[in-house]
Student: 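Here it is: the structure, laid out below.
We name chains A, B, ... by the order of the sequence lines, and we start the count at 1 in each one.
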Number of protein chains: 2
Amino acid sequence: MARSGAEPIRRAAIVKATIQEIGRAGSLDVTVAQIAARAGVSAALAHHYFGSKEAIFVAAFRHVLIVYGAEVRGALALASTPRERLEAVVRASFSPSSFRRDTISAWLNFYVLAQTMPEARRLLSIYHRRLRSNLCHALRPLVGARAGRVADGIGALIDGVYLRQALSPAAPDRAAATALVLDHVSREIDA
Amino acid sequence: MARSGAEPIRRAAIVKATIQEIGRAGSLDVTVAQIAARAGVSAALAHHYFGSKEAIFVAAFRHVLIVYGAEVRGALALASTPRERLEAVVRASFSPSSFRRDTISAWLNFYVLAQTMPEARRLLSIYHRRLRSNLCHALRPLVGARAGRVADGIGALIDGVYLRQALSPAAPDRAAATALVLDHVSREIDA
DNA sequence: AATGATTGATTGATGCGTCAATCAAGAACC
DNA sequence: GGTTCTTGATTGACGCATCAATCAATCATT
């Protein structure tokens, strides 16, 4: 079965399998063989398309960021007031496509990966800057010069909720997570 | 007996070396040989005392929790009002003995370990329960029934600050971290 | 036939855990 | 006070398993 144009399908399957496998294992201790098996291909093919295990991880990470970025952009497009923009960013952070068991576990492990792999760190830094920029933009009209500090608090809180969800045996509760962060936001801007 | 009483010294050295080595590597991908070398002993001796690599990790984790627990207890002993107790818990979380580069990195990696190792998960759950209990006890007189939710927010924020510090190339800034969390606390209880 | 897709087999490296052997500091005994 | 016995401390070497990466061969499509 050497269908022409299989490459993008295979790549996508391998990326998806990587996230699922990291989620299942709860760590980066997954073999290329396991990833490939879940994607329905051989380990050799994974190497053929990505070149190395590191590259597979980076591609998976990038995919998570792309999905999240799209979610944020979509939500922001519907917001008109600063307050709505704030809500949009927070809600996007806990959207069904991102706040999922395997993706949450992958996030946590990408934080670890970022400590070792410059490319992973770079990607994570980009995410941080984007988030901070989005939050600051929405916060400036509401809290003025405090925007920077408030954005840092919101960012840390979102990350913390993710971290704790990774440990919890319970299924992710989007509503509760969103409410917790939005409550914090309210208190920061209403005072 | 040869060099009577070497065991506790060796155990402590190996535990300390484990934390440092995890901090250096930024991941759990450290070999027993590396840990042992840093501790100034052979890999075989580490196995002799701990039995397995997993057990070494657990001992290191337990040590981090013990140090942190002592810090909290010490700070709480000096506090008399609920407000002071809150501050004590937060300040202890960012005390110099816990909010250090290698320990922060170890924390992050223990979160990952907890996803795989039941014993690590158990220890982390104990820490979470203790923190929540301490916070709730101090919060109840201040915010009544909201104590539980407020404690969850503070806990997530502390974890988030740790997570972000793990990624930051800058040296840990205790003052800034403490201020950020205490500011959040103020807004939660003053409203 | 040519080209891309795909894989099984292989390899080289790495690391955990084990084991037999050695070392050194006391204890027991004369 | 010296000799021998005992026992914990300590290690080097190695077996065994695992895994990333490579390669040559096969298969399907055009």
Side-chain angles (χ1 to χ4, degrees), chain A residues 1-22 24-61 106 109-110 112-113 116-120, chain B residues 1-61 109-110 112-113 116-120:
Chain A
M1 28 166 165
R3 277 189 306 265
S4 220
E7 176 159 354
I9 287 110
R10 294 309 195 194
R11 288 189 101 98
I14 291 168
V15 160
K16 188 178 162 196
T18 303
I19 296 165
Q20 291 176 340
E21 201 61 20
I22 290 175
R24 182 199 58 75
S27 81
L28 295 173
D29 257 327
V30 294
T31 69
V32 174
Q34 287 169 334
I35 293 170
R38 186 182 283 263
V41 301
S42 73
L45 192 68
H47 273 103
H48 173 65
Y49 281 132
F50 289 93
S52 75
K53 189 184 185 179
E54 279 206 349
I56 295 175
F57 281 157
V58 167
F61 192 9
N109 283 287
F110 286 145
V112 172
L113 197 63
T116 317
M117 236 166 77
E119 179 64 7
Chain B
M1 309 170 186
R3 265 242 245 302
S4 231
E7 176 158 355
I9 287 111
R10 294 309 193 193
R11 288 189 101 99
I14 291 168
V15 160
K16 188 178 162 198
T18 302
I19 296 165
Q20 292 177 339
E21 202 59 21
I22 291 175
R24 182 198 58 75
S27 81
L28 295 174
D29 257 326
V30 293
T31 70
V32 174
Q34 287 169 334
I35 293 170
R38 186 182 284 262
V41 299
S42 72
L45 192 67
H47 274 102
H48 173 66
Y49 281 132
F50 290 93
S52 74
K53 188 183 185 179
E54 280 206 349
I56 295 175
F57 280 157
V58 168
F61 192 8
N109 282 287
F110 287 146
V112 172
L113 197 63
T116 317
M117 236 167 74
E119 179 64 8

Student: What heavy-atom pair brings B:Ala60 and B:Val15 nearest, and what distance separates the two atoms?
Tutor: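 What the structure gives for the nearest pair is CA-CG1, 3.9 Å.
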Student: Return no unless some side-chain N or O of B:Arg10 is found under 4.0 Å from OP1 or OP2 of D:dG8.
Tutor: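 Answer no for this pair, as no side-chain N or O of B:Arg10 is under 4.0 Å from OP1 or OP2.
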Student: Could you list all the side chain to side chain donor-acceptor pair (under 3.5 Å) pairs where at least one residue sits in residues 24-36 of chain A, not counting sequence neighbours?
Tutor: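 Side chain to side chain donor-acceptor pair (under 3.5 Å) check on residues 24-36 of chain A returns A:Glu21-A:Arg24.
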Student: Please name all residues satisfying side-chain contact (heavy atoms from CB on, under 4.5 Å) with A:Ala37, sequence neighbours left out, ordered by chain then number.
Tutor: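 For A:Ala37, no residue satisfies side-chain contact (heavy atoms from CB on, under 4.5 Å) once neighbours in sequence are set aside.
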Student: Going by the rule side-chain contact (heavy atoms from CB on, under 4.5 Å), which residues pair with A:Ala44 if we only count those two or more places apart in sequence or in a different chain?
Tutor: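 Listed in chain order: A:Ser42.
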Student: Nearest-Å distance, CD1 (A:Ile14) to C1' (D:dA20)?
Tutor: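 Checked: the CD1 to C1' distance equals 15 Å.
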Student: Hey, can you pull the residues of residues 24-39 of chain B with a non-hydrogen atom under 4.0 angstrom from DNA chain C?
Tutor: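 Only B:Val30, B:Thr31, B:Val32 qualify.
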Student: Go through the structure and list residues passing side-chain contact (heavy atoms from CB on, under 4.5 Å) with A:Ala12, not counting sequence neighbours.
Tutor: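 None.
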Student: With sequence neighbours excluded, what pairs up with B:Ala17 under the side-chain contact (heavy atoms from CB on, under 4.5 Å) test?
Tutor: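 If we apply the side-chain contact (heavy atoms from CB on, under 4.5 Å) test to B:Ala17, skipping adjacent residues, the hits are B:Ile35, B:Arg38, B:Ala39.
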Student: Whole angstroms only, please: what is the CD-C1' distance between A:Glu21 and D:dC19?
Tutor: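 To the nearest whole Å, that distance equals 15 Å.
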Student: For B:Phe61, give me all partners under ring-ring contact (aromatic ring centres under 6.0 Å, His included), at least two apart in sequence or on another chain.
Tutor: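 So B:Phe61 forms a ring-ring contact (aromatic ring centres under 6.0 Å, His included) with B:Phe110.
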Student: Counting only non-hydrogen atoms, which of residues 43-56 of chain A are less than 4.0 Å from DNA chain C?
Tutor: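 A:Ala44, A:Leu45, A:His48, A:Tyr49, in order of number.
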Student: Sorted by first residue and then second, give each salt bridge (Lys or Arg N to Asp or Glu O under 4.0 Å) pair with at least one member in residues 50-59 of chain A; sequence neighbours left out.
Tutor: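 Applying salt bridge (Lys or Arg N to Asp or Glu O under 4.0 Å) to every pair that reaches into residues 50-59 of chain A, excluding sequence neighbours, yields nothing.
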